[in-house]
Amino acid sequence: MKLLTILTASLLPFTALAVKKSSGDRFQQHFAKQLSNAGPLKLDDKLYGDLTKTPRDYSVAVLLTALEARFGCQLCNEFQPEWELLAKQWTRGDRNGEGRLLFGTLDFMDGKGTFQALQLQTAPVLLLFPPTTGPNAKPDNVPQRFDFSSGINKAEPIHSWLVRQLPDIPHPAFVRPINYLMIGIGITAVLGVITFFTVAAPYVLPIIQNRNLWAAISLIAVLLFTSGHMFNHIRKVPYVAQDGRGDVSYFAGGFQNQFGLETQIVAAMYGVLAFATISLALKVPRIANPQTQQIAVVVWGGVILGMYSFLLSVFRVKNGGYPFWLPPF
Amino acid sequence: MNLRVLGLLLALLGAVAALSAQGSKLLVVLEDEAEKSKYSQFWASLEDRGFQVTYKSPKDSSLSLFAYGEPAYSHLLVLPTKAKGLGPNLTPNLIVDFINAGSNILLALSAQLSVPSAVSSLLLELDITLPPDRNSLIVDHFNYDTQSANEQHDVLLLPSPQASRKDVKNYFSVDGLIAFPHTVGQVLGNASPLLSPVVKAPSTAYIYNPKEEFESLEDVFATGSQINIVSAFQARNSARFTVLGSVEALEDKWFDASVQLPGAGKKSEKTANKAFAQKLSAWTFKELGVLRVGSVSHYLNEGSQKGVSNTTAVGAALDINPTIYRIKNDVHYSIEMSEWENDHWAPFTPAAGDALQLEFSMLSPFWRLDLQPTAQTANSSIYSAEFKLPDQHGIFNFFVEYRRPFLTSVEEKRTVTVRHFAHDEWPRSFVISGAYPWIGGIWVTVIGWVIFVAVWLYSKPAQPKRQLKAGNVKR
Amino acid sequence: MAAATTEKTTTGFFFEGETGRNTRGLLRLIILCTIAAAAIASRLFSVIRFESIIHEFDPWFNFRATKYLVQHGFYPFWNWFDDRTWHPLGRVTGGTLYPGLMVTSGVIWKLLRFLTLPVDIRDICVFMAPAFSGLTAFASYLFTSEMSDSPSAGLLAAIFMGIAPGYISRSVAGSYDNEAIAIFLLVFTFYLWIKAVKEGSIMWGALTALFYGYMVSAWGGYVFITNLLPLHAFVLICMGRFSPRLYVSYTTWYALGTLASMQIPFVGFLPIRSSDHMAALGVFGLIQLVGFAEYVRAQMPSKQFQTLLRAMVLVVFALAFGFLVLLTVSGTIAPWSGRFYSLWDTGYAKIHIPIIASVSEHQPTAWPAFFFDLNMLIWLFPAGVYMCFRSLKDEQVFVVIYAVLASYFAGVMVRLMLTLTPVVCVAAAMALSQILDTFLVASTPDEGDANKKPQANGTPAGANGSVDIKQQFANLADGLRSTKAPLVGIYSYLSKSMITGAITAYLLLFVLHCTWVTSNAYSSPSVVLASRLPDGSQHIIDDYREAYYWLRQNTAPNAKVMSWWDYGYQIGGMADRPTLVDNNTWNNTHIATVGKAMSSREEVSYPIMRQHEVDYVLVVFGALLGYSGDDINKFLWMVRIAEGIWPDEVKERDYFTSRGEYRVDDEATPTMRNSLMYKMSYYKYNDLFPAGQAQDRVRGSRLPAAGPELSTLEEAFTSENWIIRIYKVKDLDNLGRSHQEAVAFEKGNKRKKGGAGKRRGPRVLRVD
């Protein structure tokens with residue numbers, strides 16, 4: 001009896017210990033888990049609270065994300081594998097957790113409470129909780145927040161950001177695993193192409209060496225580029241735009257901007273003009289019949305005149321105060 | 001910097017008689033003529049030392065610190081007044097402008113007359129804080145004068161002030177006790193490096209307001225050596241501002257009073273106030289601890305100029321202070337420093353354990369060297385250093401910055417350009433052994449080609465082959 | 001070019017045989033001279049309108065460098081260490097510039113003095129570009145004459161080149177920039193190259209190399225040649241047109257040209273260490289292989305062996321290529337230089353090198369710009385390219401490649417319109433001359449007799465390569481479909497006169513257009529702004545020079561001026577004061593430092609400015625005048641560049657409102673309103689307006705009622721129209737207070753008692 005009481009009394013402290021875990025072995029436990037599943041911890045509200053509880057002598061990087069399709073968070077889904085890769089490599093990097101850094105992922109489905117607590121409208125959000133005790137502790141318990149607004153969806157910037165935030169812990173290097181599949185595909189493709197050519201050379205060569213083909217290709221390229229296609233490509237301009245009165249406006253106002261369709265119209269005009277010129281220069285003098293030739297000359301001359309004047313009028317739209325014009329338009 | 005030195009020199013010329021390094025015009029602000037007689041000995045000593053003393057009352061409308069935008073006086077001595085303020089001509093802003101113009105101020109306070117708010121707010125700008133309630137004074141139950149203040153314990157008797165640090169010169173040491181009656185204690189903020197205490201209260205002193213009754217003493221404004229009795233402020237332009245806690249220490253009656261510490265075996269002795277007052281005013285009015293930079297010279301310490309000791313000997317051949325050096329040059333830098341001692345310039349030597357340092361810096365110092373004393377003239381000593389320029393081109397500064405308590409600050413910056421190697425300053429290729437294979441290769445190629453051409457020209461190829469080749473070439 | 005056409009007809013009529021040739025030669029000469037005169041004359045608008053002044057930004061540096069050259073001589077210039085820029089780092093200017101331009105004008109200056117014509121160096125610099133544009137016209141004449149056998153094509157090309165706005169834009173009098181001489185060198189080098197390929201002579205190859213070296217010394221754009229010539233050679237090889245001529249010319253050019261280019265300190269070992277130049281090296285290797293293979297094949301005609309040989313060549317080439325890639329990856333060979341790489345990966349610069357993306361002339365080109373710069377040539381251009389396919393000689397292959405590449409580059413970067421213009425002129429001239437030659441023939445063909453002109457049918461000698469390809473051609477449509485029928489000619493005078501008239505009209509219109517564009521768009525030296533008053537009279541806004549001369553007159557000779565890098569060269573040139581950063585953006589970190597100082601709070605900026613010994617800060621502020629090119633509009637670039645280096649201290653997002661707008665009014669974020677740039681721009685701006693009415697005419701927004709306060713700076717100067725504002729950096733406070741406290745004290749509000757933190761908190765004891 002007596003002995004039992006003593007026993008219980010002696011046990012009490014241990015029970016107390018069992019209930020109240022110190023931050024140290026909180027880290028150990030989570031880190032073991034992280035090692036075992038080789039990737040960020042899958043969190044929910046409770047785990048999150050447990051992880052980010054003060055005092056802690058370790059730092060936690062938590063990615064709050066919304067992976068479910070119905071949230072339509074494209075960036076989240078793009079970034080998730082990168083994040084897991086990063087966590088995996090970092091964990092592998094220091095197996096025995098000298099850096100004392102934990103990675104966690106909190107999906108909106110599991111962590112509504114946290115999202116509300118933090119008043120997060122957007123996802124993903126990456127929070128880094130610095131340690132509050134221990135060697136490299138920060139006095140204030142405010143997590144650092146990574147800015148995804150610039151559309152970053154790669155692991156490298158995150159890695160460098162972590163390195164910056166936690167200067168004096170070991171930083172495992174981040175190396176992207178080589179994608180053997182892509183390499184294989186590439187090699188096979190190359191080999192395939194080579195074989196195809198070796199086999200089909202006699203049939204393909206004539207086509208490749210056809211001048212008309214090359215002429216067409218280079219003319220199209222020249223027309224595309226000189227009509228500002230690269231501008232559309234770089235600036236991502238709209239194809240057409242509505243003007244105020246509900247109908248389509250083909251030509252963007254102003255000298256420095258343009259629409260997709262606009263450039264195509266311009267390219268077409270250039271094309272027509274060039275073609276007319278070519279016909280006048282090369283085709284017409286080869287027409288044996290005088291009448292036909294006369295008609296052709298008149299037609300092509302008219303086409304050039306009309307097109308050119310239309311081009312000028314369009315340019316006057318773009319650039320007010322341009323003084324020159326030609327009869328029809 | 002140069003301007004400051006120049007100003008000093010001009011001031012020096014201006015005041016031949018004066019012992020001050022800066023100027024002799026001293027303005028004393030005191031309320032009424034009656035008080036003037038109380039300090040006759042002090043005035044006498046000042047006038048003996050060549051100051052042209054002007055006495056003005058703060059109410060006096062003709063009193064003005066500036067004449068035509070320039071300070072009208074080199075020094076200002078303010079005695080406490082009964083009035084609540086110092087009047088329209090001595091507003092804190094005016095006084096701050098006066099300091100910024102480089103003039104020195106000795107401000108005396110007294111616990112008998114409550115300190116004007118203007119003064120205390122001015123002191124706050126200098127990061128000196130006075131007790132919040134007007135007429136509280138320093139009391140010490142162990143170091144008081146038994147003869148005059150046996151009951152009040154408000155006349156402090158202190159030994160000669162010691163230098164706060166060992167590498168700081170002490171300009172205020174006197175032999176004998178100094179009496180400070182009815183002292184207003186000051187507390188110095190510890191942010192400002194420009195402040196330095198001259199006389200601290202002993203550890204047993206505390207600040208006490210006689211108007212209050214004894215119970216309310218739990219919240220003391222300051223105690224012990226945190227209290228300053230005399231404190232000195234030296235602005236960045238090394239204008240000096242001294243606060244003396246008790247004006248009575250300057251009075252004649254305390255100059256030749258005899259005092260006695262409490263306790264057995266302590267006998268009555270004469271105060272050292274006269275000497276202390278002399279030293280304090282001397283320091284404040286720039287008769288002591290004024291540094292002057294003479295010639296600063298740096299030159300290339302290579303080739304013909306190597307190891308030239310004194311720059312005057314070589315003369316024209318040596319070009320002093322060039323504007324441009326090359327990386328990895330050896331250079332020599334020397335600076336001439338002298339210190340004003342009462343009436344003449346003397347060679348300056350830093351205090352023991354202190355050193356004059358030279359920085360060679362671009363954005364951050366690339367070199368920081370102790371300057372060694374190499375020569376001495378009658379009234380200056382020359383410090384110099386020799387070193388190799390860093391392997392980094394840019395615009396560098398020879399920078400000597402010397403700021404010490406009680407010494408005027410020295411800031412000498414000489415800017416030079418350090419250029420890169422010119423195209424013809426690199427070692428030639430045949431000097432570099434590593435280049436031999438390439439040089440050899442070149443010559444082998446050249447010779448080989450010549451030989452080939454020779455062979456080609458003299459060998460008659462067979463006819464048919466030639467034609468066939470030609471045919472191929474054309475095709 | 002009316003001259004050109006008439007010349008054709010008259011010579012056709014009156015002169016025959018020997019005399020005819022002489023007269024034509026004389027006429028050509030006269031015409032070319034007139035063309036050159038026209039080219040020069042059309043570039044003098046700015047001089048006539050304003051004065052003989054150096055234009056916008058870079059020219060000011062070139063001008064300064066030239067002055068240094070003529071003052072101190074060549075070797076000091078070669079080893080020039082400039083300690084008045086990039087303070088305190090300085091700049092190894094001699095080793096980081098393209099000396100061609102300065103040396104050229106220096107030589108001209110010396111020459112004129114030798115001829116006892118003491119001309120001011122400034123005038124030489126101002127008139128350099130027009131003078132060389134005349135030469136360019138001549139060079140393009142030579143180039144085009146190589147291209148087509150029509151006599152008028154060259155002259156047309158010359159006049160086009162002379163007055164095309166696309167070239168004038170960078171070569172008006174006063175725009176003393178590298179391009180001024182570089183374009184002439186470009187065209188002339190191409191001419192020499194074509195000549196070399198045609199003749200297959202070492203002399204022409206060596207000349208090409210020589211002028212290539214000159215080009216390298218003159219302009220960074222030489223990389224264009226460095227890649228275009230190898231590409232031409234490569235394409236020729238692929239077309240099976242390898243010939244000893246090609247081999248000789250290419251190897252000569254590459255060997256000598258590379259050596260020549262390596263003499264420029266700024267280029268140094270790049271030709272063998274950077275990817276930009278690897279194409280040339282690779283083709284050099286390839287051409288050796290091919291040459292060897294050709295030789296061996298000539299020796300032993302076994303078919304299998306030949307295929308084996310060809311396979312071997314391919315394999316070796318592949319291996320070499322792989323090796324190059326390996327070297328690049330391993331870092332032995334520097335990867336593509338940022339500017340050049342951003343041409344291929346158009347998104348690259350914006351993300352990685354904001355400093356390049358921030359430059360306006362690195363923006364992509366919209367189509368109006370093309371039409372604006374080369375009015376009707378732009379649609380004659382494709383026609384001309386098509387003409388090249390008619391008889392696809394080696395040189396015409398070159399034109400085709402040049403056309404496609406250059407139009408791509410011009411599409412990506414506005415400034416590269418410059419490299420496009422020559423080929424456009426050439427191609428257009430070829431097309432137009434074809435038409436003129438066809439329609440300006442007096443004699444009418446009578447029915448039946450076909451192909452009187454031998455030109456333009458069938459494939460000429462140059463076009464056929466090795467045997468098998470010939471067979472392929474044989475069973476293909478030979479040449480172009482449009483040129484299959486035999487050439488007849490034009491019958492009726494009506495059509496002749498009609499087309500001729502139309503073309504003449506277009507040409508006249510073109511001349512009008514060029515003149516108009518030049519006088520309106522390209523003739524203002526953005527140092528002096530011109531604006532029209534309501535009554536139509538011209539009003540000159542001269543704030544820049546006002547401010548720079550203020551600096552020159554009122555500040556110490558080596559007072560450091562901090563400004564955004566756009567104005568570095570001008571401050572150096574006009575105000576002659578040291579600057580922290582300038583348009584030669586060689587040190588990104590230093591620029592980012594200035595960006596940080598501009599975009600941070602005063603407390604952060606002040607230590608930076610102290611550390612860099614800044615005395616004055618200069619900002620450009622257009623709000624009063626509605627001058628949109630001011631610093632507040634450039635501010636985001638400063639922020640971005642600073643963020644690139646200090647991502648945790650400067651964040652672009654903090655300068656946008658919660659709705660992602662960039663605003664300067666009440667909505668502006670605190671970061672924005674506390675930034676030094678904002679404070680300096682709007683300091684005391686409200687005082688110009690009745691209370692609360694302050695208006696920003698650029699951003700078109702009403703400013704907050706209370707203007708910003710400055711404590712660490714004090715206003716030193718503001719120009720007439722407030723475009724330039726200069727601030728002086730205060731020294732540390734004499735009493736060791738912070739500037740805020742000092743300013744507060746000046747304003748007269750006293751520190752409250754115990755302000756030194758005595759009462760609250762634990763008592764801080766002083767120890768000393």
Side-chain angles (χ1 to χ4, degrees), chain A residues 147 149-150 161 164 205-206 209-212 214-215 218-219 221-231 233-235 255-258 262-263 266 269-271 273-275 277-288 290 293-294 297-298 301 304-305 308 311 315 318-319 323-324 326, chain C residues 346-347 364-372 376 378-383 385-387 389-390 392 400 403-404 407-408 410-412 431 434-435 438 447 469 472-473 475-477 479-483 485-492 494-495 498-499 502 506 509 512-513 516 647-648 651 653:
Chain A
D147 175 19
S149 64
S150 53
W161 181 74
R164 272 208 315 281
L205 269 183
Q209 292 168 341
N210 183 345
R211 276 192 205 181
N212 295 307
W214 284 104
S218 40
L219 283 198
V222 166
L223 284 175
L224 267 187
F225 293 141
T226 50
S227 61
H229 171 263
M230 288 317 290
F231 187 92
H233 174 72
I234 294 169
R235 290 293 170 81
F255 195 75
Q256 273 311 325
N257 49 7
Q258 59 185 16
E262 179 180 356
T263 55
V266 171
M269 282 196 277
Y270 289 168
L273 283 165
F275 184 68
T277 322
I278 293 168
S279 335
L280 272 181
L282 297 182
K283 285 227 182 68
V284 165
R286 286 176 170 73
I287 297 175
Q293 190 186 54
Q294 183 64 66
V297 168
V298 173
I304 291 186
L305 183 63
Y308 190 26
L311 185 57
F315 186 69
K318 300 289 290 187
N319 171 351
F324 306 118
L326 274 174
Chain C
T346 48
T365 320
W367 78 265
F370 279 100
F371 188 79
F372 192 69
M376 75 185 233
I378 197 67
W379 54 265
L380 283 174
F381 178 39
V385 173
Y386 185 81
M387 302 280 175
F389 277 94
R390 194 184 46 193
L392 200 56
V400 172
V404 174
S407 46
Y408 170 77
V412 175
Q434 181 65 30
I435 289 186
T438 318
E447 321 280 340
I469 297 182
Q472 308 301 351
F473 271 127
N475 52 32
L476 250 180
L480 291 177
R481 279 179 39 254
S482 58
T483 57
L487 185 69
V488 181
I490 306 299
Y491 292 98
S492 72
L494 171 59
S495 42
M498 197 169 75
I499 295 303
Y506 298 154
L509 184 61
L512 286 177
H513 171 90
W516 181 79
D648 302 334
K651 292 199 183 63
R653 196 181 47 179

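Below, chain A is the first sequence line, B the second, and so on; all start at residue 1. What you are looking at is a predicted structure, and each value in this text was computed from that prediction instead of being measured.
- Both the backbone and the side chain of A/Leu273 come within contact range of chain C, each with at least one heavy atom under 4.5 Å from a heavy atom of that chain.
- Of the atoms belonging to A/Leu305, heavy atoms from both backbone and side chain fall under 4.5 Å from chain C.
- Looking at C/Ile499, the atoms closer than 4.5 Å to chain A (heavy atoms on both sides) all sit in the side chain, from C-beta outward.
- If you measure heavy-atom distances from A/Ile287 to chain C, the contacts under 4.5 Å come from the backbone alone.
- A distance of 7.0 Å separates CZ of C/Phe389 from CG of A/Leu219, quoted to the nearest 0.5 Å.
- Heavy atoms of A/Phe275 lying under 4.5 Å from chain C are absent altogether.
- Taking the six-membered ring for Trp and thresholds of 30 and 60 degrees, C/Phe371 and A/Phe315 have ring planes inclined between 30 and 60 degrees apart.
- Between C/Trp379 and the options A/Leu223, A/Ile304, A/Val266, a side-chain contact (heavy atoms from CB on, under 4.5 Å) holds for only A/Ile304.
- For chain C, the nearby parts of A/Val298 are the backbone and the side chain; heavy atoms of each come within less than 4.5 Å.
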Derivation of the side chain to side chain contact (heavy atoms under 4.5 Å, CB included) call for C/Leu509 and A/Leu326: CA-CA 9 Å; C/Leu509 184 61; A/Leu326 274 174; 4.1 Å; yes

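- Contact of C/Phe381 with chain A is made through the side chain alone, with heavy-atom distances under 4.5 Å.
- For the atom pair OG (C/Ser407) and NE2 (A/His229), the distance works out to 12.5 Å, reported to the nearest 0.5 Å.
- Atom CE in A/Met230 sits 4.0 Å away from atom OH in C/Tyr408 (nearest 0.5 Å).
- Relative orientation of the A/Tyr270 and C/Trp367 rings is perpendicular, given thresholds of 30° and 60° on the angle between their planes.
- Rounded to the nearest 0.5 angstrom, C/Ile435 CD1 and A/Leu280 CG are separated by 5.0 Å.
- Put simply, of C/Thr365, C/Leu380, C/Val385, C/Val400, the one with the most heavy-atom pairs under 4.5 Å next to chain A is C/Thr365.
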